Every structure is written in C-alpha cells, then in structure tokens.
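Here's the structure we're looking at; comments come further down.
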Amino acid sequence: MNLKKHPKIYNLIKAEERRQAETINLIPSENYPSKAVLEATGSILTAKYSEGYPGRRYYAGNEIYDKIELLAQKKAKEIFKIDESYHVNVQPYSGTPANLAVYLGLLNFGDPIMGMNLSCGGHLSHGHKVSFSGRAYKVIQYGVSQATKRINYDEIRKLAKKHKPKLIISGFTAYPRKINFRKFHQIAKEVGAISMADISHIAGLIVAGLHPSPFPFTDIVTTTTHKTLRGPRGAIIICKNKFAKVIDRAVFPGIQGGPHNNITAAKAVCFEEARKPAFRKYQEQIIKNAKVLAQELKKYGFNLISGGTDNHLILVDLRNKGITGKEAEERLEKAGIIVNRNTIPNDPRKPFNPSGIRLGTPAVTTRGMREKEMKKIAFWISEVISDSKSLSKIREEVRKWTICYLHT
Ligand code: DSN
C-alpha cells in the first residue's frame, strides 16, 4: 500500500479503521459506503478539472467526465422514479452547499423563506441565524406541536399565509416521523411559494418506497448522498425543469468551482447500488431496527420525542435521567457507543450542551446488526446512562462484540 510511505497519515487512517470497527455507530447521518463507492472516491478521476456542465466545459479533456456526469444524472432520475420534467445537478459538494445554491438561484437577498427551527429538527442551512441562510434572507421558522412533537400543518399554513415566504423548506435532520411532502407543497402553492424538500436523512427510505416521496410535485429536492443512501460524501439537487438553468448557474459558477469528478462517479455507483433488491431490504431493516431500539429504550424509562419513530432515527429527551446530552454523549463514547447530542423541541438548553441525544440505525444495519442486537445496544445505553462506573467494563464488551460484525 503506497500510503505506507506516509506513516503518520497511514497510521491515523488505520487507527480510525479500528475505531470504526470496535465501536457502535448510532449517528443517524453516518454510514459505511461499499468498497465500490470507496474505489470510485479514491480513483484517478480526482485529477481533473471540469468546470461547467456536460458539453459546456471550461477545460479540455472532459469527454469521459461528461459521460460520468450524465450517467450519474440518469441514475438519480431512475432511483427516484422521476421523468423528464425534472433536472438533476450532481455537482454539489455537500448538503449545505446544495441548499445555499438553491437559495442563491431562486431568491433575492432579504427575501422571506420558511424552514423548521433547529431545536425542532431543522438544519442550520434551513435559515438558522448563524448560517448564511439565516443572515442573507428573512427567515420565518416553524416548529412542532407542543403536545405531540409532530409537525402541525395547519400552523405552518397559518404562518405561510401571514408571512408569504418565497420558499418553504421541508425535510429535517432530527425528526423521527414521516413528513407529508404533499401537504408542504400544497401550502407553498396556496401562498405562491416555491416548495423545497431537503431529503438528506431519508433519501434511502424514499428510494425504497418506505417513506412518502416528494416527487412528482415538489419544485426543488436536495439530498446528500452519504446518509441512508450510503454513497460518497456529497449531494445532488433535483429541480423542475423550469428551474434548471438558475440552479445550474447557482452551483457553478455561483458557489462552487470544479466538480469533484471522483465523487460524481461514486454517486453513480451508489445510485446503481440503490436499485438492487438488497438495498430495499437494507432500508426495511433500518426501520425495523430503529423501532426495536425505540421500544427497548422506552422499557428502560427513556422519554422519546413523539413517543417513537417511523424512520431511521430516535430523539431522546434525557431530562428525566438527570444528564445532559453532552454528558451522555461523552459517557457513551467512553463505552464505545457513538451518538450525538441534540436539541429537543423548544430545548431550554443551548445546542452545544442540549437536553437530548439523537440515535440512528443506518450504520449498524449496514454492519449486519438486527433486532437482537438492538436489544443489546439499548441495554448497554441504559447501563451507561444510569451507572458511570460500568464504562470500562462495557467498553471491553463492546470491543469484543463489534469485531463479529461486518466492516467495509
Ligand atoms: N450534519 C448532518 C446531520 O448530522 O444530520 C446534517 O447535515
């Protein structure tokens, strides 16, 4: 391996491989891509500049890259079952740049936009004040119902009628329930807004037909490719044809330079993998695992936001356990269980040390873990949260246990 000639970085990569193999990864936005995706990511395609789009590049030597990009676009359309009324841009470097490109392409600075607030599960790039999206636009934020912790579409309609946003964003990073994209689109149309869905977390579930699709009605759909889709770190934008030109121009030259061609090829590989029956089975298992993990945690007295999950993630309110999200995250990490601290709806605490943790099953499901394993994981989580003295013992158990599961 040529990387061995760079021992410092080689050893760090090996150490990270070991960490991944010996820990239980419950971060809902992470996953382990296939070897094919990794090979494309690490390929010679990284060596080329291709500013522009297929057939309209600013550099010579792009014949092959045009084919790769067109193939990735075609495969994206196939997995989301969309027709020629939609256009795909496969160049966004990741989720936030994809979202910012949408805003740049469709809005004027200062225009009103609506998105879910961070504490209820929205993303920073959906209009949070610390993000460019919250500074460049007039943001109206919606939350979830106080009682049910679910989206209240009537409230969203009222807010939309009052503020007349130009763009309404749906799709969240910490919402454990199904999203009715059709209702969001209807509300947008009632107030003359463009509808946008950021399906980053649930794209794999949508492809597998296990979550309602935002197609064929939503105006703009963005998604990362590395979460439930299990591809390379990156994103795509799918938009109705009438927005194709402005979206393409906003991605390049608006906010990006040359596309990362190695990643474009890896996206095409990931889309190809997502067409296989095994991918659907994998997505089904993600949901089964999340449901079992949720049920078990409830048995151990954990309060789950909205009472459970319909998708790949669970949001735990830790206030009854007398521990903050940050403390829980740190304690669990010492035991080899990797989660991330997260705000809960209307969290009285700040995002850096919030009241909850967010757990997800995409990565552990990729490793072949099933319902039985979820029960064990819930038991360990409960032990760790209730007794900080057992950490090193559980760490050793987790180390021995995880070695038995696949790791790419
Ligand atoms: N940071 C990602 C997540 O963890 O959900 C979203 O971009």
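The structure presented is a predicted model; accordingly, all values stated were derived computationally and were not measured. First listed ligand is number 1; within each ligand, the first listed atom is number 1.
Closer than 4.0 angstrom to ligand 1 by heavy atom are S29, H123, T173, H201, K227, R358, sorted by chain and number.
Side-chain contact annotation: K267 with T264, donor-acceptor N/O pair under 3.5 Å absent.
H211 has its ring centre less than 6.0 Å from the ring centre of F181. Between F184 and Y153, the ring center distance clears the sub-6.0 Å criterion. Between H260 and Y93, a ring centre-to-centre spacing shorter than 6.0 Å is recorded.
Side-chain N or O atoms of E396 include none that pairs as donor or acceptor with a backbone N or O of K393 at under 3.5 Å.
A salt bridge between D248 and K245 is absent, with no side-chain N of the basic residue lying under 4.0 Å from a carboxylate O of the acidic one.
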